[in-house]
Number of protein chains: 2
Amino acid sequence: MPIHKEKPVLDCPFRETLDVLEGKWKFAIIHSLLHHGTLRFKNLERDVAGITSRMLIKELKLLQVHGIVLRRPYPTVPPTVEYSLTECGRSLEPVIEAIQAWGVQNRAALAAKIN
Amino acid sequence: MPIHKEKPVLDCPFRETLDVLEGKWKFAIIHSLLHHGTLRFKNLERDVAGITSRMLIKELKLLQVHGIVLRRPYPTVPPTVEYSLTECGRSLEPVIEAIQAWGVQNRAALAAKIN
DNA sequence: TACATTGGTGTAACTACTTGCAAAAGTATA
DNA sequence: TATACTTTTGCAAGTAGTTACACCAATGTA
């Protein structure tokens, strides 16, 4: 039986936010949904360069649980599932914009240092 | 011989930024340095709740390489090493502030969903 | 004398993340 | 008939991230 490892209670809004947005893909997914509004699963997968369906599904589920992403399935064949941001998710726009702005401003510096 | 796995070239300022800030601790470290200005290693370790010296060192090294963090050692005993943000690092303030603001605004909602 | 202090490093272990591959179902197209 | 399409899951395997623990040096304090 695995030991239950509970997260230390931090009581810090900043760290709690990071816990929700943690991982390699969440910011990129939100960025894409913010830009496109609504996307079908496959289109989202194509838009988030490098992600696998496995990971995308997993991340989307977490984001749903946290009330950031909305999932709308339709009973078609083949299946159609649309993903979009909730009101709460859209309120992350300033965060995404700030990262984007920093990236654009420091693009040259970054390019020189990443290898 | 391990296969050399190169990062796919993305040519996207947003994703490049995420690559630099990736991981569990970088935002928290930057947040702390932004708030305190300059901190000795041990004080920084105490301020970033939950981090180990091992991880802190590793992350600080990466942040130095990317020109975000500045390291200033003094020849004392026991050693004194001060860490602070560079100009470039300080320009991440809008990002940190946006995350902080979102966290404060969504605190109640987060608390209800994280377990 | 015994112990605490600081900024790290090394080793070994462990957990978490991430990937690739195959598969399902019902319709549409070649 | 064969193959593609979409969304999602399961399994196995691999890689990356993270931790714990001990240790160093030289000084200050009890």
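Just so we're clear, the structure is a prediction, and the values are computed from it rather than from any experiment. Chain identifiers are assigned alphabetically (A, B, ...) following the order of the sequence lines, protein sequences preceding nucleic acid strands; residue numbering begins at 1 within each chain.
Of the possible donor and acceptor atoms, none in the side chain of A/Ser32 sits under 3.5 Å from a partner among the backbone N and O of A/Ala28. With A/Lys26 contributing its side chain and A/Glu22 its backbone, the two residues share a donor-acceptor pair below 3.5 Å. With A/Thr86 contributing its side chain and A/Gly67 its backbone, the two residues share a donor-acceptor pair below 3.5 Å. Side chain of A/Arg107 to backbone of B/Asp11: a donor-acceptor contact under 3.5 angstrom is found. With A/Arg90 contributing its side chain and A/Ile68 its backbone, the two residues share no donor-acceptor pair below 3.5 Å. Judged by distance alone, with hydrogens and angles left aside, the side-chain atoms of B/Arg71 form no donor-acceptor pair with the main-chain N or O of B/Ser84 at under 3.5 Å.
For A/Val81, whose side chain is taken as the heavy atoms from C-beta onward, the closest listed nucleotide among C/dG8, D/dT8, C/dT6 is D/dT8. Here the side chain of A/Trp25 is nearest to one of D/dT8, D/dT19, C/dT19, namely C/dT19. Nearest nucleotide to the side chain of A/Phe41, out of D/dT18, D/dT8, C/dG7: D/dT8.
No engagement by B/Arg72 is indicated, since no non-hydrogen atom pair under 4.0 Å with the nucleic acid exists.
Residues B/Leu92 and B/Phe27 are not in side-chain contact: their nearest non-hydrogen atoms beyond the backbone lie 4.5 Å or more apart.
When the P atom of D/dT15 is taken as reference, atom CD of B/Glu22 falls 18 Å away, rounded to whole Å. Rounded to an integer number of Å, the gap from CD1 of B/Ile29 to P of D/dT18 is 10 Å. The interatomic distance linking B/Glu45 (CD) with C/dT6 (C1') rounds to 10 Å, in whole Å. Remark: C1' of D/dG17 and NZ of A/Lys24 are 12 Å apart, rounded to the nearest angstrom.
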How does protein reach along nucleotides 24-30 of chain D, written 5' to 3' as B (base within reach of a heavy atom under 4.0 Å), S (only sugar-phosphate), or - (no contact)?
--BS---
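For the segment residues 47-62 of chain B, the set of residues with a heavy atom within less than 4.0 Å of an atom of DNA chain D comprises B/Thr52, B/Arg54, B/Met55, B/Lys58, in numerical order.
When only modelled atom types and interatomic distance are considered, B/Asn43 and B/Arg40 share no side-chain donor-acceptor pair under 3.5 Å.
By the 6.0 Å contact criterion, NE2 on A/His35 is open, its count of non-hydrogen atoms from other residues, nucleotides or ligands being 12 or less.
Between C/dG7 and B/Arg46, no contact under 4.0 Å exists linking OP1 or OP2 to a side-chain N or O. At C/dT6, none of the side-chain N or O atoms of B/Tyr83 fall inside 4.0 Å of OP1 or OP2 (strictly under the cut-off).
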